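All chains are named by letter (A, B, ...) in the order of the sequence lines, taking the proteins before the strands, and each is independently numbered beginning at 1. Keep in mind that what you see is a predicted model, and the values were worked out from it rather than measured.
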There are 2 protein chains.
Amino acid sequence: MEQPRWLDSGEMAAWNAFLEASHRVSRRVERQLRDQQGLSHPQYEILVRLAEAPEREIRMTELAELLVTSKSGITYQVGKLESAGLVRRRSCSGDERGVFAVLTDEGMDKLRGAAPGHVEIVRSSLIDLLSPEQLDALGDALGTVARRLDPRD
Amino acid sequence: MEQPRWLDSGEMAAWNAFLEASHRVSRRVERQLRDQQGLSHPQYEILVRLAEAPEREIRMTELAELLVTSKSGITYQVGKLESAGLVRRRSCSGDERGVFAVLTDEGMDKLRGAAPGHVEIVRSSLIDLLSPEQLDALGDALGTVARRLDPRD
DNA sequence: AGTAATTTGTTCGAATTTGAACAAGTAAGG
DNA sequence: CCTTACTTGTTCAAATTCGAACAAATTACT
């Protein structure tokens, strides 16, 4: 039973800022997408990833890893997007288990329509609040965190 | 209809790192608390805030603001904590509508038991991954974000 | 005082998330 | 070949979240 290394005041401030900023930003982004586009943030992220992907398609499990969420969560959200006609499923030739989520033309249109409002809220919630130096440092620090937490979830 | 100011590659990298880091850290913290303490992260945060507060009590609405969550969410989580005996409710003299959540001795003990494991995961998920300079810059940037998003949610 | 506007906490239903369990398919090693 | 181990995506139940609606209480204003 070791003595825990408690956080000093600077570390505590960083941790609290991390939590508060995450929640505030996330609430704003989710609300904007919901109110103006009828999309959840995970749904929007799925559309973005698919639009960037070769053939506009990605395997279900890879989607879960990209969005840092559960496989069942992806099944649920892709199901929603499929009902809305924004995505379709395609079974994977060569691996009978596999399923690709594929962006439809409608999905691409939806994404194009949603992107400007999304960028705007991302700017007003994070990017434009910081000086270029601050933003740079933020990207560096969080990039390090994201990278180092990758394998051993 | 203005031309949106798209994100440049640095801004995009910062935004993606923000999203990925938030999700990864949050999942680790939640899993640790759930597995080792049977607490959700919101529940743990409620205990922390109460422990720091004068008289170890805070009004429901203020708790919602502190945790950046909905009032109904607080009702739900305080209800859970109350069932577990970690918190009790006290009606507010002077304002008949008001309700204080009060930390019980049991709740304080629970928090003391949970804190070391929590600090450990916070360190291994964020604090200890960064140099002192990086952490400082992170605190500065996210502190700015949190502060500037405060009023106009 | 008296009426309108605001605040407080809860309830409710709908949406979402998670992990465990599962069936089906694939890969690895003898 | 063949048995064992892993991978894939879905289903399911349980837990959680949110916002809208609400009743009760307080505040602001005339």
Please report the distance, rounded to the nearest Å, between [atom1] in [X] and [atom2] in [N].
{"X": "B/Glu62", "N": "C/dT8", "atom1": "CD", "atom2": "P", "answer": "10 Å"}
{"X": "B/Gln43", "N": "D/dA15", "atom1": "CD", "atom2": "C1'", "answer": "10 Å"}
{"X": "B/Tyr76", "N": "D/dA20", "atom1": "OH", "atom2": "C1'", "answer": "20 Å"}
{"X": "A/His41", "N": "C/dA15", "atom1": "NE2", "atom2": "C1'", "answer": "17 Å"}
{"X": "A/Ile74", "N": "D/dT8", "atom1": "CD1", "atom2": "C1'", "answer": "14 Å"}
{"X": "A/Glu65", "N": "D/dG9", "atom1": "CD", "atom2": "C1'", "answer": "13 Å"}
{"X": "B/Lys71", "N": "D/dA21", "atom1": "NZ", "atom2": "P", "answer": "13 Å"}
{"X": "A/Leu63", "N": "C/dT17", "atom1": "CG", "atom2": "C1'", "answer": "16 Å"}

Using the C1' atoms of five pairs at each end, what's the angle between the two axes of the helix from C/dA1-D/dT30 to C/dG30-D/dC1, to 10 degrees?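 Taking five pairs per end, the axes differ by 30°.
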Given [options], the nucleotide with the shortest approach to the side chain of [X]:
{"X": "B/Met60", "options": "C/dT16, C/dT10, D/dT17", "value": "C/dT10"}
{"X": "B/Glu96", "options": "D/dT26, C/dT18, D/dT17", "value": "D/dT26"}
{"X": "A/Arg27", "options": "D/dG19, C/dT16, D/dT10", "value": "D/dG19"}
{"X": "B/Arg31", "options": "C/dT17, C/dG19, D/dG9", "value": "C/dG19"}
{"X": "B/Arg59", "options": "D/dT17, C/dT18, C/dG9", "value": "C/dG9"}

Taking it one step at a time, do A/Asp150 and A/Arg147 satisfy salt bridge (Lys or Arg N to Asp or Glu O under 4.0 Å)? CA-CA 5 Å; A/Asp150 198 357; A/Arg147 234 171 296 116; over 6 Å; no
Please tell me whether A/Leu81 and A/Met108 are part of a single hydrophobic cluster in this structure, the criterion being side-chain heavy atoms less than 4.5 Å apart.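 Shared cluster, yes.
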Any link between A/Tyr76 and A/Ile74 through a network of hydrophobic side chains (Ile, Leu, Val, Met, Phe, Trp, Tyr) touching at under 4.5 Å?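 Different hydrophobic clusters.
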Report yes if at least one side-chain N or O of [X] is closer than 4.0 Å to OP1 or OP2 of [N]; otherwise report no.
{"X": "B/Arg90", "N": "C/dG9", "answer": "no"}
{"X": "B/Gln77", "N": "D/dT17", "answer": "yes"}
{"X": "B/Thr69", "N": "D/dC18", "answer": "yes"}
{"X": "B/Lys80", "N": "D/dT16", "answer": "yes"}
{"X": "A/Arg89", "N": "D/dT10", "answer": "yes"}

Note, [X] side chain near [Y] side chain (heavy atom, < 4.5 Å):
{"X": "A/Asp105", "Y": "A/Arg56", "value": "yes"}
{"X": "B/Phe18", "Y": "A/Val122", "value": "no"}
{"X": "B/Pro4", "Y": "A/Arg123", "value": "no"}

For the side chain of B/Thr69 and the backbone of B/Ala64, is there at least one donor-acceptor N/O pair under 3.5 Å apart?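 Looks like no, no N/O pair under 3.5 Å.
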Looking at B/His23 and B/Leu19, would you say the former's side chain and the latter's main chain have a donor-acceptor pair under 3.5 Å?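 Answer holds: yes.
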As an exercise, state the distance from CD1 of A/Ile46 to CD1 of A/Ile58, rounded to the nearest 0.5 Å.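 The CD1 atom of A/Ile46 sits 9.5 Å away from the CD1 atom of A/Ile58.
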Nearest 0.5 Å, please: how far is CZ in B/Phe100 from CE in B/Met60?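 Answer for the CE-CZ pair, B/Met60 versus B/Phe100, is 12.0 Å.
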Can you confirm whether more than 12 heavy atoms, excluding those of B/Glu57, are under 6.0 Å from its CD atom?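 Yes, the 6.0 Å shell around CD holds more than 12 heavy atoms from other groups.
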Distances for protein N or O near nucleotides 3-6 of chain C N or O, under 3.5 Å:
none

In terms of the nearest nucleotide of DNA chain D, which residue is placed more toward the 5' end: A/Val99 or B/Gly94?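 So the residue in question is A/Val99.
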Ignoring hydrogens and angles, does a donor from either the side chain of B/Ser72 or the base of D/dG19 sit under 3.5 Å from an acceptor on the other?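 Such a pair exists between side chain and base.
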Determine whether any donor atom in the side chain of B/Ser70 lies under 3.5 Å from an acceptor atom in the base of D/dG19, or the reverse, and answer yes or no.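 Side chain to base: no pair below 3.5 Å.
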Looking at every strand, decide which applies to A/Gly73 at a 4.0 Å heavy-atom threshold: base, sugar-phosphate, or nothing.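 Base, at least one base atom sits under 4.0 Å.
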